[in-house]
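Down below is the structure, laid out as structure tokens.
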Amino acid sequence: MYHWKLGPQGDADAASHRSTRLFGILGVARPPRHSSVTRDMSTVPSVRIAELNAYLGRPVTVRAWVTHVRSSGKVAFATLRDGTGTAQAVFVKHQVGDALWARFAELTTETSVAITGEARENPRAPGVLDIGVSDLQIVGTSPSDYPIQPKEHGIDFLLDHRHFWLRSSRQRAIMVIRNEVEQAIHDFFYERGFLRVDTPILTAAIGERSGLFATEYFEEGNAYLAQTGQLYGEAAAAAFGKIYTFGPTFRAEKSKTRRHLTEFWMIEPEVAWNDSEANMKLQEEFVEFLVQRVVERRKPELAELERDVAKLERIRAPFPRLNYSDAVALVQKKGSDTKWGDDLGAEDEALIVEDYDKPVFVFNYPKEAKAFYMKENPDDPRTVLCDDLLAPEGFGEMIGGSQREDDYDKLVARIKEEGLPMEAYDWYLDLRRYGTFTHAGFGLGLERTVAWICGIPHIREVIAFPRMMHRLRP
RNA sequence: UCCCCAGUAGCUCAGUUGGUCAGAGCAUCCGACUGUUAAUCGGAGGGUCGUAGGUUCAAGUCCUACCUGGGGAGCCA
């Protein structure tokens, strides 16, 4: 870690001084060979780049990574990144001396450094502060073959180097917005009296659909990675009223599209006494809240991503609603050959969404197109009380929700119709035997939501380390 | 699983009807430059053209198979 070199002049004494200062800054014990050298550095504050403008005209120490180096004979520049922002270190040869000047020449892309100098504004580049360097410690060297360049790269190459790609300013902006969305989710539900419930990731087979990841589980046979926490969420709603889950979800389908991951994060609220109407109202309030929170607090990051903020500012409840039958009629008018009873395909969703600049609800699908647990529509028993919320700008289905079937006999009949193993649902059916209750909930795909807010076309870019069919590393 | 597309230098790509086709830009290394912002200028190194067969006097180039990946469909969030 403490990997620094002397300049060509062999400035050993100066080097030991600098080394001492670095160890002091890092707050770790000095090696004994430097113990005779002491220097009080308490007057030089160690700051993050985002805080630099509070220290203009004063000496500071910044610990950061070098993103770019430029040299011009007698003056040289190193751009610095520390995760909070960027700054520019300026080396003027006649000011820094030969030894430090020589050490500058050792800086390469992604060298980690501790740089001390005066913070000051740079009239030539408003917004990026300069550090007039008086001292430089190389903490970790970086070979000259660092793979990520400030040039175009293919997506495959970038994902192979995801551990480096995350260092770029664009990726930082995405992760900051993702974090803002996650925090907003917790705030939204906390303020409304929801209880967060963490549901199991290892489950017995309860979906019985293909696309489950299996793993050995002691003497119990196979366990499966959770595809949803919903069934557990329903049990929790009967216990606590209003709950939500927030966790990873796994789908082993061999999906190869920009909207799919094998591991993604899903938020699943479940609310006692909500019907389908209240469910949709909660969804649109929720989505509006998330989008407006990002607009309010993350303008710089949206700008970094060149996102059209005006499109996000328009995202206000209520959202347009189409019942399934009207949606089918609409897409047929636009040339689709989808018939009543079919599920809506990706092309159909695009046809529906193109007329709106807000997310669009499509509600009450045919029973056959949806899951067994959705409540039969009393006004049209061919359909169930459910909704999909489609994101604008072609980002696809962001939410799937429904009122749950609370009638024991109807639920049993649906499980039989689907050919599902009744014994797997014994505890789930108990929820209808012991104090059944009207309830509804939905699942929001975090990555799809963040991709839409960021305007990133592929969701693999909005999760730090995506898991896809052909990608298990890094 | 199905349909479409692509594999040429570290990266992004060009390479015409088969015949100086082993190329460019960037990156790297060396040199020049006192304020650069993807700096600029000069020079250098770097490739079994995805793999294996085949056609031909001659194959990145045409044919076949395979491998790998991408995009889309389905499934869904």
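Numbered from 1 within each chain, the chains take letters A, B, ... in sequence-line order. Everything numeric here is computed off the predicted structure, so don't read it as measured data.
What separates CZ of A/Arg259 from P of B/G71 is a distance of 12 Å, to the nearest Å. Rounded to an integer number of Å, the gap from NE2 of A/His260 to C1' of B/G72 is 12 Å. The interatomic distance linking A/Trp265 (CH2) with B/A77 (P) rounds to 18 Å, in whole Å. Look at CZ on A/Phe286: it is 13 Å from C1' on B/A77, rounded to the nearest Å. Rounded to whole Å, the distance from CG on A/Asp145 to C1' on B/C26 is 16 Å. Protein atom CD of A/Glu106 is 16 Å distant from nucleotide atom C1' of B/C29, rounded to whole Å.
Residue A/Arg471 has no polar side-chain atom (N or O) positioned under 4.0 Å from OP1 or OP2 of B/U68. For the OP1/OP2 pair of B/G71 and a distance below 4.0 Å, the side-chain nitrogens and oxygens of A/Arg460 include at least one atom meeting the criterion. Side-chain nitrogen and oxygen atoms of A/Thr257 include none within less than 4.0 Å of the OP1 or OP2 phosphate oxygen of B/G72. For A/Arg258, a side-chain nitrogen or oxygen approaches OP1 or OP2 of B/G72 to under 4.0 Å.
The base-pairing partner of B/C26, taking Watson-Crick or G-U wobble contacts with both distances under 3.5 Å, is B/G10. In this structure, B/C75 forms no base pair with any nucleotide, since neither Watson-Crick nor G-U wobble geometry is met with both distances under 3.5 Å. Under the Watson-Crick or G-U wobble criterion, with both distances below 3.5 Å, B/C66 is paired with B/G50. In this structure B/G35 sits in no base pair that meets the Watson-Crick or G-U test at under 3.5 Å.
The separation of B/U68 from B/U56, taken at their P atoms, amounts to 32 Å, rounded to a whole angstrom. Only the P atoms considered, B/C29 is 23 Å distant from B/U36, to the nearest whole Å. Using atom C1' as the reference point in both B/C26 and B/G72, the two lie 32 Å apart (nearest Å).
Using a 5.5 Å limit on the distance between ring centres and a 30° limit on the angle between planes, the aromatic ring of A/Phe264 counts as stacked on the six-membered base ring of B/A77.
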Output side-chain donor-acceptor pairs under 3.5 Å for residues 360-371 of chain A, partner residues at least two apart or in another chain, one line each.
residue  : atom : partner  : partner atom : Å
A/Asn364 : OD1  : A/Cys386 : N            : 3.3
A/Tyr365 : OH   : A/Asp388 : OD2          : 3.2
A/Lys367 : NZ   : A/Glu376 : OE1          : 3.1
A/Lys367 : NZ   : A/Pro381 : O            : 3.2
A/Lys370 : NZ   : A/Asp388 : OD1          : 3.3
A/Lys370 : NZ   : A/Asp388 : OD2          : 3.1

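Remark on RNA chain B: of its neighbouring residues A/Tyr146 and A/Asp130, the 5'-side contact belongs to A/Tyr146, judged by nearest-heavy-atom nucleotide.
Using a 4.0 Å cut-off between a side-chain N of Lys or Arg and a carboxylate O of Asp or Glu, A/Asp406 and A/Lys375 qualify as a salt bridge. In this structure, A/Glu354 pairs ionically with A/Lys334, as a charged nitrogen and a carboxylate oxygen lie closer than 4.0 Å. By the 4.0 Å N-to-carboxylate-O rule, A/Glu106 lies too far from A/Arg103 to be salt-bridged with it.
Within the nucleic acid shown, A/Ser71 comes within 4.0 Å of at least one base atom, counting heavy atoms only. Here A/Ala346 lies in heavy-atom contact (under 4.0 Å) with sugar-phosphate atoms only. If you check every strand for non-hydrogen atoms under 4.0 Å, A/Lys256 touches a base. Among the atoms of the strands shown, only primed sugar atoms or phosphate atoms (P, OP1, OP2) are found under 4.0 Å from some heavy atom of A/Ile399.
Between A/His186 and A/Tyr244, the ring planes lie tilted relative to each other; the angle falls in the 30° to 60° range. Below 30°, between 30° and 60°, or above 60°: for A/His163 and A/His161 the angle between ring planes is below 30°, a parallel geometry. Between A/Phe194 and A/Phe189, the ring planes lie tilted relative to each other; the angle falls in the 30° to 60° range.
To the nearest 0.5 angstrom, A/Met468 atom CE is 8.0 Å from A/Thr262 atom OG1.
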Can you pull every protein N or O that's under 3.5 Å from an N or O on nucleotides 11-14 of chain B?
residue : atom : partner  : partner atom : Å
B/C11   : O2'  : A/Glu152 : O            : 3.2
B/C11   : O2'  : A/His153 : ND1          : 2.7
B/U12   : OP1  : A/Gly154 : N            : 2.9
B/U12   : O2'  : A/Glu152 : OE2          : 3.2

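For B/G18, the O4'-C1' to base torsion is more than 90° from 0; the nucleotide is therefore anti.
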